[in-house]
**Student:** 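For reference, the structure I am asking about is given below.
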2 protein chains.
Amino acid sequence: MNQDKEIIGVKEIARRANVSIATVDRVIHNRTGVSVKTRNKINAIIQELDYQPNILASRLASKKTIHLAILIPSASDETQFWQAPLRGIRRAESEIKQYGVHIDTYFFDLNDKESFRKQARAILDKKVNGVLLSPSFVEECTEFIKSCNQKSIPYVFIDSTIPHQNNLSYIGPHLFQSGYLGAQLLTYGLKGNSHKLLIVNISKEVDNFNYPQIEEGFRSFFQERGDSNAIVRIDIRQTGYASVREELSKALQQHPDVDALFVTNSRVSSVARFLESQSLHDTLLIGYDYLPDNIEYLKKGTIDFLICHKPEEQGYRGVMALYQTLVFSASVEKEYFMPIDIVTRGNYEYYRN
Amino acid sequence: MNQDKEIIGVKEIARRANVSIATVDRVIHNRTGVSVKTRNKINAIIQELDYQPNILASRLASKKTIHLAILIPSASDETQFWQAPLRGIRRAESEIKQYGVHIDTYFFDLNDKESFRKQARAILDKKVNGVLLSPSFVEECTEFIKSCNQKSIPYVFIDSTIPHQNNLSYIGPHLFQSGYLGAQLLTYGLKGNSHKLLIVNISKEVDNFNYPQIEEGFRSFFQERGDSNAIVRIDIRQTGYASVREELSKALQQHPDVDALFVTNSRVSSVARFLESQSLHDTLLIGYDYLPDNIEYLKKGTIDFLICHKPEEQGYRGVMALYQTLVFSASVEKEYFMPIDIVTRGNYEYYRN
DNA sequence: TTCAGCTTCGGGTACGTACCCGAAAATTCG
DNA sequence: CGAATTTTCGGGTACGTACCCGAAGCTGAA
């Protein structure tokens, strides 16, 4: 009804401060060449008027383009997980490329630490204004971000994190809580409180921050309740199906009375395949990520629940976080935890990554 | 690495066509005053160069503002549900108001059809370029959108829909599937397949498209499985707690062996309150929406699951859909189904509406 | 032929901000 | 005290598009 407040711009600020537009501009961009007195006066007016710069005009007038580098694992046959963050990154790119943002993507091999190092070096060789990366290898990554710190290049972690670093933001799951939820879902499906549960960890990496946190959350749920469940854990270091089958066979021979399995990552489809081959239809199975293979077993009922942390949105938000800080100097939450989504047969059709 | 194609603009088109920028502009906007010959020549060049207008410059130079009207229920004490869509609308507004979009919000009372009519008329009296509305009252809404059709004003439905209308888009849940999921979650928590289930519908409205769809989905799950559950349904037409208590008491006296309750909307907290007062802690309870009252009972374990359709995002997307079509003539999906989210004690902390 | 009326088109300014360049004022130094 | 710096500031142009205004050119009627 009422047209609220007039939109005001640098011109109005300049008029009120009795200075030129150029001076106001200098203050806004924290450039040098303004006396303290003038600067304060202008800042006061900006505060008072709650000035919001016109992004359109700003980006239009600015000639410089912003260069962002992305450093993530390539999506392999083994797990297509990283396709999703990449989709989110592409989506962000197409939204902001007309605003003068350019994105270069660098992939590394999750089985090859050296490839990470190499790509990291390649990024440092180019002039880059910000980096979005998955800190998959702790040591190599620490080295890389040391250089970024020196050059004052902001960087954002997605999917996993390294604690106590100078990263602009971490965008990803709260893994402890995610494991906790997995335990709750299993419990809900199992009557009584003395069961045998199997945690399955299929991964080449040993020195990883992630899985321990998930497992901790998982166990803590039962501790809180004082349940007398027996929880067994197995590690499978070779990710191919053959080795998964072998290790699982062994484990189930040793513990034939397992009621439920909890797989700590997206390779749950391998486990589902095994369970199906053994006609173990009543065993509960929970794992991670909205991947085609997993969804197939979800549909059939072999997998009961998938937990998912919106990987596509992680990519999207990661890029946007860099964009926001670099273009608007906007502040960003240091830790942005993704929702812990539950995907099941009844809602997978409408799930959005 | 390589700087792809040069970005070309109207200036370049004008140069190639040997005309002025103004003429190119006329062609782009289908304005009159250009000879057929010139028009064709320019169009050919636009095609050839795959010209993409610079949105920044375009919006900056254009003086006209777009007026959007929002027509949604006011958030009452009874249910704060509509606060969430409103938040999303405000968020969208703050993003695009600098692009020359103005939003006016009109609230109506869910207990008063006349208030809907009145606000609808108010909207039609003003010059409006697009409308976002919740079609809560079928008859009144049908009348309203008839006028919109006549005036060629695009309109978007959120949260619920009226089938076979000329709406630009529907943004909201797939209700059938949502009820289906509710049934699946109950089943997962109940061993065996012969239980007594109670569907609770607390609402003043009778002629509503929504609840029947949810119930249909709910029942269809058990039909598929061939379960022999007994499903009872009660309708509570007064939404205050007193009447909820009374009706539920009656129902539970008649059916003392109820194992689980499914509440078809956000008033599940009233039911939880009743169950708690009766110390019925083992009865499963599922309902809708991420509201403070509901979350309290979720934490305590009285409510087992809440199903949620991202109401905030519905508001946000609704506004953006109108913006996209009106500003960029972008096409929009006629039906955009929201995810059917499962909120429970283990993940409510990180849920995002 | 002249002039009114119409069609077709180009010049030029504006949108709000970024930033170059040079001028004026303040400061330092010999 | 004058000159050389340095600091502080304003004018003005550019970004790519929208759109006003008026100038040609053309048509047809008197």
**Student:** Ring centroids only, cut at 6.0 angstrom: are Tyr155(B) and Phe144(B) within range, meaning strictly under it?
**Tutor:**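 No - the distance between ring centres of Tyr155(B) and Phe144(B) does not fall below the 6.0 Å cut-off.
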**Student:** Could you tell me whether the side chain of Thr65(B) and the main chain of Gly100(B) form a donor-acceptor pair under 3.5 Å?
**Tutor:**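 Checking the backbone N and O of Gly100(B) against the side chain of Thr65(B), no donor-acceptor pair under 3.5 Å is found.
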**Student:** So which nucleotide from dT17(C), dG16(C), dG10(C) ends up closest to the side chain of Leu60(A)?
**Tutor:**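 Among dT17(C), dG16(C), dG10(C), the one nearest the side chain of Leu60(A) is dG16(C).
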**Student:** Tell me: NZ of Lys11(B) to P of dT17(D), nearest whole Å?
**Tutor:**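 It is 9 Å, rounded to the nearest whole Å.
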**Student:** Looking at dA18(D), dG16(C), dC9(D), which one has an atom nearest to any side-chain atom of Thr38(A)?
**Tutor:**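 Side chain of Thr38(A) sits closest to dC9(D).
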**Student:** Of all the choices, dT17(C), dA18(D), dG10(D), which nucleotide is nearest to the side chain of Ala61(A) once you look at every atom?
**Tutor:**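 The nucleotide sitting nearest to the side chain is dT17(C).
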**Student:** Let me know the distance between CZ of Arg31(A) and P of dT8(D), rounded to the nearest Å.
**Tutor:**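 After rounding, the gap between these two atoms is 15 Å.
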**Student:** Tell me, do Val10(A) and Tyr51(A) make a side-chain contact under 4.5 Å, heavy atoms counted?
**Tutor:**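 In short, these two side chains touch, coming nearer than 4.5 Å.
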**Student:** On DNA chain C, compare the nucleotides closest to Ala57(B) and Ser20(B); which residue's is nearer the 5' end?
**Tutor:**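 Final value for this comparison: Ser20(B).
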**Student:** Specify the angle, to 10°, made by the local axes at the two ends of the helix from dT1(C)-dA30(D) to dG30(C)-dC1(D) when five pairs are taken at each end.
**Tutor:**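 The value is 60°.
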**Student:** Please determine whether a side-chain nitrogen or oxygen atom of Tyr51(B) lies at a distance below 4.0 Å from atom OP1 or OP2 of dG16(D).
**Tutor:**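 The answer is no; no side-chain N or O of Tyr51(B) sits under 4.0 Å from OP1 or OP2.
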**Student:** Think Ser35(B) has a side-chain N or O under 4.0 angstrom from the OP1 or OP2 of dC9(C)?
**Tutor:**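 Checking dC9(C) against Ser35(B), a side-chain N or O does come within under 4.0 Å of OP1 or OP2.
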**Student:** When you measure from the side chain of Gln314(B) to the backbone of Pro85(B), do you find a donor-acceptor pair of N or O atoms at a distance under 3.5 Å?
**Tutor:**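 No, Gln314(B) side chain to Pro85(B) backbone: no donor-acceptor pair under 3.5 Å.
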**Student:** Centre of Tyr336(A)'s six-membered ring, under 6.0 Å away, within 45 degrees of the axis: is that where NZ or CZ of Arg352(B) sits?
**Tutor:**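 The answer is yes; both the distance and angle limits are met.
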**Student:** Just how far, in rounded Å, is P of dT8(D) from CD1 of Ile42(A)?
**Tutor:**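 So the two atoms are 12 Å apart, to the nearest Å.
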**Student:** With a cut-off of less than 4.0 Å, is there a side-chain N or O of Thr32(B) near OP1 or OP2 of dT7(C)?
**Tutor:**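 No, Thr32(B) has no side-chain N/O under 4.0 Å of OP1/OP2 on dT7(C).
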**Student:** With Phe116(A) as reference, evaluate Glu143(A), Arg121(A), Glu140(A) under the side-chain contact (heavy atoms from CB on, under 4.5 Å) test and give the passing residue.
**Tutor:**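 Of Glu143(A), Arg121(A), Glu140(A), side-chain contact (heavy atoms from CB on, under 4.5 Å) with Phe116(A) is met by Glu140(A) alone.
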**Student:** Measure CD1/Ile28(A) against P/dC9(D) and give the value in whole Å, please.
**Tutor:**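 Taking CD1 of Ile28(A) and P of dC9(D), I get 15 Å after rounding.
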**Student:** Answer yes or no: is there a donor N or O on one side and an acceptor on the other, between the side chain of Lys310(A) and the main chain of Asp341(A), under 3.5 Å?
**Tutor:**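 No, because the side chain of Lys310(A) does not come within donor-acceptor range (under 3.5 Å) of the backbone of Asp341(A).
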**Student:** In whole Å, what is the span from the CZ atom of Arg15(B) to the C1' atom of dT17(D)?
**Tutor:**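 To the nearest whole Å, that distance equals 18 Å.
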**Student:** Just to confirm, is there a sub-4.0 Å distance from OP1 or OP2 of dA18(C) to any side-chain nitrogen or oxygen of His29(A)?
**Tutor:**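 For His29(A), the contact criterion (side-chain N or O under 4.0 Å from OP1 or OP2 of dA18(C)) is met.
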**Student:** Can you give one letter per nucleotide of nucleotides 20-27 of chain D, 5' to 3': B if a protein heavy atom sits under 4.0 Å from the base, S if only from the sugar-phosphate, - if neither?
**Tutor:** --------
**Student:** The criterion is side chain to side chain contact (heavy atoms under 4.5 Å, CB included); which residues satisfy it with Val327(A), sequence neighbours excluded?
**Tutor:**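 Testing Val327(A) for side chain to side chain contact (heavy atoms under 4.5 Å, CB included), a comparison that skips the adjacent residues, returns Arg59(A), Ile66(A), Tyr323(A).
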**Student:** What nucleic acid atoms does Asn54(A) come within less than 4.0 Å of, heavy atoms only: base, sugar-phosphate, or nothing?
**Tutor:**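 The answer is sugar-phosphate, as Asn54(A) gets under 4.0 Å only of primed atoms, P, OP1 or OP2.
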**Student:** Expressed in angstrom and rounded to an integer, what is the separation of Lys64(B) atom NZ from dC19(D) atom C1'?
**Tutor:**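 One finds 9 Å between C1' of dC19(D) and NZ of Lys64(B), rounded.
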**Student:** Whole Å only: how far is the CD1 atom of Ile21(B) from the P atom of dT13(C)?
**Tutor:**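 So the two atoms are 14 Å apart, to the nearest Å.
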**Student:** Would you mind reading off the distance between Arg59(B) atom CZ and dC19(D) atom P, rounded to a whole angstrom?
**Tutor:**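 Going from Arg59(B) (CZ) to dC19(D) (P), I get 10 Å.
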**Student:** When all nucleic acid strands are considered with a 4.0 Å heavy-atom cut-off, which category describes Gly9(B): base, sugar-phosphate, or nothing?
**Tutor:**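 Contact class for Gly9(B): sugar-phosphate only.
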**Student:** Output yes when Arg15(A) and Glu12(A) qualify as a salt bridge under the 4.0 Å nitrogen-oxygen rule, no when they do not.
**Tutor:**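 Yes, this pair counts.
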**Student:** Would you tell me if any nitrogen or oxygen in the side chain of Lys37(A) comes within less than 4.0 Å of OP1 or OP2 on dT8(D)?
**Tutor:**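 Checking dT8(D) against Lys37(A), no side-chain N or O comes under 4.0 Å of OP1 or OP2.
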**Student:** Can you tell me if the side-chain N/O atoms of Thr23(A) get under 4.0 Å from OP1 or OP2 in dG10(D)?
**Tutor:**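 Yes, because at least one side-chain N or O of Thr23(A) sits under 4.0 Å from OP1 or OP2 of dG10(D).
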**Student:** Compare every heavy atom of Pro154(A) with every heavy atom of Asn129(A), then report the nearest pair and how far apart it is.
**Tutor:**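 Closest heavy-atom pair between Asn129(A) and Pro154(A): O-CD, 3.2 Å.
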